[in-house]
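Following: one structure in structure tokens, then a few remarks.
We count ligands from 1, going down the list as the structure has it; atoms in each ligand are counted the same way.
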Amino acid sequence: MCLRIMKSFIIWLFIHVYFSSGRTIESCHNESEIDKIEMGIVISPLMSTEMIREIGIYWKNINIQTGDVIKLFKGDPSTKNKQEIFQFMPVKARGFQKTGISADFVPTSNLTYHEQCLQYYVSWITNDAIKKTTCLSTHPNWMGQRKTNLGQLKMKDIFIPGTHDSAAYSKLLNFKSEMLVDKYTITQDEDILAQLIYGTRYLDIRVGRYPNNKMIFWGNHGLIRIVPLQNVIDDVKLFLGNTDEIVIFDVQEFPVGFKSIAAHNELLNYLEREFHGYYLERPINVWRTTLEDIWSTGKRLIISYDYASIVSSSLSVWPQVEQQWGNVRTLDDLYTHLNGIETKAGEENSYTSRLGKPRAAMAQLTPTTFDVIFNRLGGLRLMAENVDMHITEWYSEVWQHTANVVAVDFIKATGIIETAIKWNDKRISGCYTNLDYS
Ligand SMILES: *[C@@H]1O[C@H](CO)[C@@H](O)[C@H](O)[C@H]1NC(C)=O
Ligand SMILES: *[C@@H]1O[C@H](CO)[C@@H](O)[C@H](O)[C@H]1NC(C)=O
């Protein structure tokens, strides 16, 4: 009897220690100085007659010595075929530097399903020796590469980089002078396939329905239709077919042509037909489903749908992802908004009985009608330029433990993909307590 109790106690102790603080000491707080450094390349969404795709460099946690330089290379600096194109002397441990260098246009057809460096590299150099290098990289299989470890996490516990209004893209080779409408419509500068290959896993899709058009369904931004939904769907299927990634296709808002339930059913049927064999039926646990469970079904597309009657009538869609909008116009207000939702998420995570609800932190400013009419905020590109680096910083230093889906404008102007990958790695290392292993 006594022995049995002892035995269960020991098992309990083992499980407890193993799953709680056990791994903290060795692996979590002992990163090397080099590992701690974050350094990367971002691409500005701004464009003018003089400049498009300007390269920016961010760095942090660098222990700078007098005389250190940060250099930008075209080509791998450890090889012969490199060209030094920019350099500067950082004075602080962290910062952001614009370069005045325009990144080459990368057609989507140049991207592959293997992680690749896209020509540009940044190195921190002390006494002419390279201490650390990173490159502008794609992340087409960051989930699949971590399948064994990431599998234990629930959808609600993984940090998922996303794009806001994903189909409102315009992939431009050269400068285009934008009409006021474009300035407040275009939110992304990569098509859907490229967004996914860069590492995005949450797509925010607004659908317009045009029954008299040859293409009935479109990806819209508000009343403006941007790209046939078919193109978006084809890109998602192509990506899923070539990778082992899990993608959330969140159908949000129906700005044109959805006055009747019949219209919704027509869209639902279209999505079911087009994504046949790809989508995963809504499981009972919804957002508390683990990635492992998703992978085990062989279906890796989650279609969520922003209309309760459709969700209750069909298992092929998941409940809408609750988009957490601040509707704010300044950086300070955006911080306050995001801080509010992430703090609340942290608190809710401690109640393990809570049925996880899909949510997405919307990390951008929202113009008012008058802002648009008088172009008071300078357009979405400028607004993204002004917030994107801050979002990355906040999500790597303040809300890295609670972040779930984070959706941004012009994703290449942020480091949110690298930040999400890094913090998912830390979450699966078991060091951080905010997770719910129930
Ligand atoms: C921390 O890292 C250092 C150097 O990498 C190593 O010597 C040391 O044993 C590590 N400490 C722990 C507790 O793992
Ligand atoms: C894209 O691919 C083509 C053909 O392989 C190559 O010539 C070109 O340099 C590539 N462009 C970039 C920006 O990588």
Side-chain angles (χ1 to χ4, degrees), residues 39-58 70-87 97-123 130 132-142 144-145 161 163 166 168-178 186-201 227 231-232 234-243 245 381 384-385 388-389 408-418 421:
M39 190 168 63
I41 294 173
V42 291
I43 306 291
S44 169
L46 294 181
M47 57 177 181
S48 68
T49 44
E50 287 83 45
M51 180 57 72
I52 186 168
R53 290 184 292 276
E54 182 175 359
I55 296 176
I57 296 169
Y58 66 90
I70 291 182
K71 288 186 182 178
L72 178 69
F73 295 93
K74 202 167 175 179
D76 184 343
S78 65
T79 65
K80 281 213 177 94
N81 306 322
K82 63 177 173 241
Q83 195 189 339
E84 190 186 311
I85 52 179
F86 183 81
Q87 68 161 345
Q97 175 75 43
K98 303 203 90 173
T99 63
I101 306 268
S102 172
D104 286 349
F105 178 77
V106 183
T108 303
S109 56
N110 274 39
L111 301 176
T112 68
Y113 299 100
H114 300 286
E115 199 165 301
Q116 57 186 147
C117 285
L118 300 172
Q119 301 197 61
Y120 299 100
Y121 295 73
V122 58
S123 301
I130 292 182
K132 177 153 181 153
T133 298
T134 59
C135 71
L136 178 65
S137 178
T138 60
H139 301 284
N141 37 32
W142 67 264
Q145 279 167 345
T163 46
S166 316
Y169 63 80
S170 169
K171 186 159 178 161
L172 298 170
L173 170 60
N174 291 316
F175 167 76
K176 171 175 173 253
S177 100
E178 289 185 304
I186 298 303
T187 54
Q188 304 299 335
D189 49 12
E190 291 292 343
D191 55 38
I192 299 291
L193 180 58
Q195 288 176 34
L196 293 167
I197 289 177
Y198 277 104
T200 305
R201 295 294 173 266
V227 51
N231 298 12
V232 173
D234 290 345
D235 276 5
V236 171
K237 288 200 285 196
L238 190 57
F239 180 74
L240 288 169
N242 281 284
T243 64
E245 304 295 284
R381 290 178 184 274
E385 167 89 359
D388 274 354
M389 258 350 277
V408 299
D409 283 354
F410 298 102
I411 195 158
K412 285 184 304 169
T414 75
I416 201 78
I417 291 168
E418 288 77 9
I421 294 172

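The salt bridge (charged side-chain N to carboxylate O under 4.0 Å, His left out) search around Asp104 returns Lys74, not counting sequence neighbours. Residues passing the side chain to side chain donor-acceptor pair (under 3.5 Å) test with Gln145, sequence neighbours excluded: Asn141.
Of all heavy-atom pairs between Ile52 and Leu173, the closest is CD1-O, 4.3 Å.
Panel note: side chain Lys82, backbone Pro77; a donor-acceptor pair is recorded below 3.5 Å.
Residue pairs that meet the side-chain hydrogen bond (donor to acceptor under 3.5 Å, both in side chains) test with at least one member in residues 40-58, sequence neighbours left out, are Ser44-Glu385.
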For this session: For Gln195 and Thr163, run side chain to side chain donor-acceptor pair (under 3.5 Å): C-alpha distance rounded to whole Å, both residues' side-chain angles, the deciding distance at 0.1 Å, then the answer.
Result: CA-CA 8 Å; Gln195 288 176 34; Thr163 46; 2.8 Å; yes
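If you look at ligand 2, the protein residues with a non-hydrogen atom under 4.0 Å away are Phe105, Asn110, Gln119.
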